[in-house]
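Comments concern the structure below.
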Amino acid sequence: MRFLRDASLSATVAGFVAVLVGFTSSVVIVFQAAASLGATPAQLTSWMWALGLGMGLTSAGLSLWYRQPVLTAWSTPGAALLVTAGAGRSMGEAVGAFMLCGLLIALAGATGAFRRAMDRIPQALAAALLAGVLARFAFDAFLSLRTEFTLVLCMLLAYLAGRRGWPRYAVPGVLAVGIAVAAWRGLLHLEGISWAPAMPVFTAPAFSLGGLVGIALPLFVVTMASQNLPGVAAQRAAGYDTPVSPVIAVTGLASLLLAPFGGFAFNLAAITAAICMGREAHEDPRRRYMAAVAAGGFYIAIGLLGGAVVGLIAAFPKELVLAVAGFALLGTIGSGLSVAMKDDASREAALITFLVTASGLSLFGVASAFWGVVAGGLALAVQHWRPAR
């Protein structure tokens, strides 16, 4: 059976690292978004249930269907938007807006409109965009030396030794060393994990013009521009030609179906997907899809055990998560920069794309990934513009 033949330890660890990074980096924002809407503890647990199952089923299902790594995520900038936009709104009104947003995402995928927009972005700019999105994690990994020097230094040495001696298992080695050093220094706090099963809570949607204008449309825009755009760029930079339109449509349908339980917006992942698409997941690119399948399994497990999320986040020190993510992404960042800077004709525009994206610039609620493409595209247009005769 191909599924069992393609499975590997390195892919499973890559999937676990992707889930660890995905949850720990932004789940607090999701908690704040739910709190701004007046969510009860039961509803908050239901949000974890819906988000975990939504990401898990779409990631595993799409990856198995296409035999390519397709990792989905919740919309982190969308959650940040809800912290302010959700203030004063009822949970029912928010759910109605989530469903409308999911419908818009599904239509953008089904009509091919988003694919056509992505096809107009040059490969050099897409590669620079990906490198810029991931660079922040590499910066944070090395900056973590200031607060946990011993832990991060040991993980860095493990990475360098792994890349020299056993490159396929470099990241599992980094994670193992990090956990061992953290346990030795008393930085692991596993006692806070509760394994109580999560129960879904249905919230009836309430549709309103205010919810459409104040939540649904802004949530759709930031999800497409700040999440799906770099997500597709990550796939293409890694050499995968996964069909864009049906994948985007599936994430929109998942948002539409799970919105009443707290699944506010699903989209393609970029940062965590890069972990599953890199050579650390497997030397053979045709077998890396198993990393996304494994990540889907971990997401489903966390969704079913929603009560364990808070304890799981608190168990690992922040520096360990930042270091393992940053070191796991070094190869992908290097490959992206190599492709971005290869062509003299687009090098400067790609550099501008990388710098704007890596800067973390956010304007009008839209994250730097979108503005990086805008700035790079503008630079490319000016550079190659010729006046009409």
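Keep in mind the model is a prediction, meaning the values are calculated, not measured.
In this structure P260 satisfies the side chain to side chain contact (heavy atoms under 4.5 Å, CB included) test together with V95, M99, F202, sequence neighbours excluded. In this structure A106 satisfies the side chain to side chain contact (heavy atoms under 4.5 Å, CB included) test together with L253, sequence neighbours excluded. Applying the side chain to side chain contact (heavy atoms under 4.5 Å, CB included) test to A97 and every residue at least two apart in sequence or in another chain returns I215, A216.
No side-chain donor-acceptor contact under 3.5 Å links T203 to the backbone of G92. The backbone N or O of T111 lies less than 3.5 Å from a partner atom in the side chain of R116, making a donor-acceptor pair. Panel note: side chain R347, backbone M341; a donor-acceptor pair is recorded below 3.5 Å. Listed for the S255 side chain is a donor-acceptor partner under 3.5 Å among the backbone atoms of F266.
Looking at heavy atoms from C-beta onward, Y289 lies out of side-chain contact with Y66 at the 4.5 angstrom threshold. The closest side-chain heavy-atom distance from N228 to T223 is below 4.5 Å.
Between F220 and F98, a ring centre-to-centre spacing not shorter than 6.0 Å is recorded.
Note: Q227 CD to S75 OG = 5.0 Å, rounded to the nearest 0.5 Å. Here W74 contributes atom CH2 and M55 contributes atom CE; the two are 5.0 Å apart, rounded to the nearest 0.5 Å. In this structure, M224 CE and L268 CG are separated by 9.0 Å, a value rounded to the nearest 0.5 Å. To the nearest 0.5 Å, atoms CG (L37) and CD (Q43) are separated by 9.0 Å.
When all heavy atoms of S59 and A292 are compared, the closest pair comes out as CB-O, 4.0 Å. Here the closest non-hydrogen pair linking I248 and F114 is CG1-CD2, 3.9 Å. Among all heavy-atom pairs drawn from A158 and V174, the shortest one is C-CG2, 4.1 Å.
Only one option out of T150, L157, L151 pairs with L153 in a side-chain contact (heavy atoms from CB on, under 4.5 Å); it is L157.
Within a 6.0 Å radius of CZ in F207, other residues, nucleotides and ligands contribute more than 12 heavy atoms.
Taking the six-membered ring where tryptophan is involved, the planes of W47 and F264 are tilted, since the angle between them lies from 30° to 60°.
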**Worked check of side chain to side chain donor-acceptor pair (under 3.5 Å) between D241 and Q235** = CA-CA 7 Å; D241 58 349; Q235 290 182 334; over 6 Å; no
**Request:** Decide yes or no on side chain to side chain donor-acceptor pair (under 3.5 Å) for T72 and T58, but give the supporting numbers first.
**Result:** CA-CA 7 Å; T72 62; T58 52; 2.7 Å; yes
